[in-house]
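Before any comments, here is the structure.
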Amino acid sequence: MAGLEYNSTTGEPFLRLPAPFTNFIITPPRLSDAAPSVEIMTQPSVAKWMGPSILLEYNVDKATAWLTKLKAETDAATEELRATAQTRGPVSACPLRHLREVQTDGTEIFLGDVGIWRSSWPEVLDAEERARLVTENNARPAGDPEIAWHVSYYLAPSHQGRGLTTVAVKTLIKEFGIPWMRTKYLRSGVFQGNPASLRVLQKCGFEIVDTLVNHVEIGGEKTTVYLVELRVPDSMPL
Ligand SMILES: CC(C)(COP(=O)(O)OP(=O)(O)OC[C@H]1O[C@@H](n2cnc3c(N)ncnc32)[C@H](O)[C@@H]1OP(=O)(O)O)[C@@H](O)C(=O)NCCC(=O)NCCS
C-alpha cells in the first residue's frame, strides 16, 4: 500500500485502496458531495440501516448542513496532520471520510462514506451516561490507546458486493488509524438483519461483544443491535 498521499492540485490528503481497487480513494468530505450523498442515502436499501434520523426526509439542505459541520472537523484534522507530519502524528481525528472512484479522465465519483471517528456511544440510551462517556472519550489526548473509535460506512448499491467496503475499512485502519492516530480500540454497532455490515466488520477482525435485544426503535419496530469491537494487536494482520 502507498500510505497517505496528498493531491498535488487541491492539497487534500488521501488514501488509495490496494489492488484490485487502485482506482478508488478515500478523501476528506467536500460540500459538492451533498447531492450525490442524498441520492445514495435515500435509497431504501441504504436508508434502512443508517439509523432513525436518516429514515426521516433527508435532502440536500440537510446534507449540506451535515457536510459543513463535518468538513470543519476534517479541515482541522488535516491541519493537525500537516503540523505533526515530521513525527507521523499522533493526530486526534481522521480527516479521511469519503470513498470515490477515479475515472480514467481523472474525474471522481462520490460512492459513499467510510469513517473512523471518536465514539458517540449511540447504543447507550441513558442520555446522562452517554454524555459522560462522550466527554471522557473526547478529552483523551491524541495517541491515547484508550480512545474508543467508531467505524461507520455506507456504499452506493451500484458498487456493493465486490469487497470494496471491507478493503476500504481495512485500509483506513491500517494506513491511517494505526500509524497516524495510534488506534488500539475500535467499536461499532450493527442492526440485526444486516448481515453484509456484520460480515464487513468480521472480515476486518471485529468480534461481537454484546447483543442488545430489541434495543432501538426503527420504523416503529424494536430492533436488536450487535455491539462489535476490535482490539488492535501489536502486529495487526489485516
Ligand atoms: C454494508 C455495506 C457497506 C457493505 O458494502 P459492500 O462493499 O457490499 O461489502 P463487502 O462486499 O466488502 O462485504 C459484504 C459481505 O457481506 C456478505 N453478505 C452480503 N449480503 C449478505 C447476506 N444477505 N447474508 C450474508 N452475507 C451477506 C457478502 O457476501 C460479503 O461477504 P464475503 O466477502 O465473505 O462474501 C453495504 O451493503 C451498504 O452500504 N449497506 C447499507 C448501509 C449500511 O448497512 N451501513 C452499515 C450500517 S451499520
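First listed ligand is number 1; within each ligand, the first listed atom is number 1. It should be emphasised that the depicted structure is a prediction, and the values quoted were computed from it without experimental measurement. Nothing fancy with the numbering, it's 1 onward along the sequence.
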Between [X] and [Y]: side-chain donor-acceptor atoms closer than 3.5 Å:
X: T223; Y: E217; result: no
X: T165; Y: Y154; result: no
X: R16; Y: T22; result: no
X: S152; Y: W117; result: yes

Identify, for [atom], the protein heavy atom at the shortest distance, and state residue, atom and that distance.
atom: atom 45 (N) of ligand 1; value: Y153 O, 2.9 Å
atom: atom 23 (N) of ligand 1; value: P195 CG, 3.5 Å
atom: atom 11 (O) of ligand 1; value: G163 N, 2.8 Å
atom: atom 31 (O) of ligand 1; value: R199 CG, 3.2 Å
atom: atom 19 (C) of ligand 1; value: A196 CB, 3.4 Å
atom: atom 33 (O) of ligand 1; value: K203 NZ, 2.5 Å
atom: atom 39 (O) of ligand 1; value: L155 N, 2.9 Å

Exercise. Taking the six-membered ring of F110, is the NZ or CZ of R100 close enough (under 6.0 Å from the centre) and on axis enough (within 45°)?
Worked result: no
Just distances here: any N/O of [X] and N/O of ligand 1 closer than 3.5 Å?
X: S197; result: no
X: N194; result: yes
X: H159; result: no

Can you list the ligand 1 atoms lying under 4.0 Å from a non-hydrogen atom of [X]?
X: W49; answer: 43 (C), 44 (O), 47 (C)
X: V46; answer: 41 (C)
X: G189; answer: 48 (S)
X: R162; answer: 11 (O)
X: Y154; answer: 39 (O), 42 (C)
X: G161; answer: 6 (P), 8 (O), 11 (O)
X: T166; answer: 10 (P), 12 (O), 13 (O)
X: S45; answer: 41 (C)

For this session: Return the option from L201, V190, T165, V151 holding the heavy atom at the smallest distance from atom 2 (C) of ligand 1.
Result: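 Answer by nearest heavy atom: T165.
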For this session: Nearest heavy atom to atom 42 (C) of ligand 1 wins, so pick from M50, Q43, M41.
Result: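 Answer by nearest heavy atom: M50.
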Just to confirm, does any protein heavy atom lie below 4.0 Å from [atom]?
atom: atom 29 (O) of ligand 1; value: no
atom: atom 25 (C) of ligand 1; value: yes
atom: atom 35 (O) of ligand 1; value: no

Mind checking whether [X] contacts ligand 1 via backbone (N, CA, C, O), side chain (CB onward), both or neither, at a 4.0 Å heavy-atom cut-off?
X: K48; value: neither
X: V200; value: side chain
X: Q160; value: both
X: S188; value: neither

Where the side chain of [X] meets the backbone of [Y], is there a donor-acceptor pair that is under 3.5 Å apart?
X: E207; Y: Q202; result: no
X: R130; Y: V124; result: yes
X: H98; Y: L111; result: no
X: Y58; Y: S37; result: no
X: R118; Y: N137; result: yes
X: E80; Y: S92; result: yes

For this session: May I ask whether M41 and W66 are part of the same hydrophobic cluster, defined by side-chain heavy atoms of I, L, V, M, F, W, Y residues being less than 4.5 angstrom apart, directly or through others?
Result: yes
Problem set entry | ILVMFWY network linking V200 to L198, side-chain heavy atoms under 4.5 angstrom | yes
For this session: Check step by step if side-chain hydrogen bond (donor to acceptor under 3.5 Å, both in side chains) holds for Y226 and Q192.
Result: CA-CA 7 Å; Y226 300 114; Q192 189 174 46; 3.2 Å; yes
Exercise. What do the steps show when you test E12 against Y6 for side-chain hydrogen bond (donor to acceptor under 3.5 Å, both in side chains), and what is the final call?
Worked result: CA-CA 5 Å; E12 278 180 335; Y6 287 87; over 6 Å; no
Exercise. Can you tell me how far CZ of F24 sits from OG1 of T171, rounded to the nearest 0.5 angstrom?
Worked result: 12.0 Å
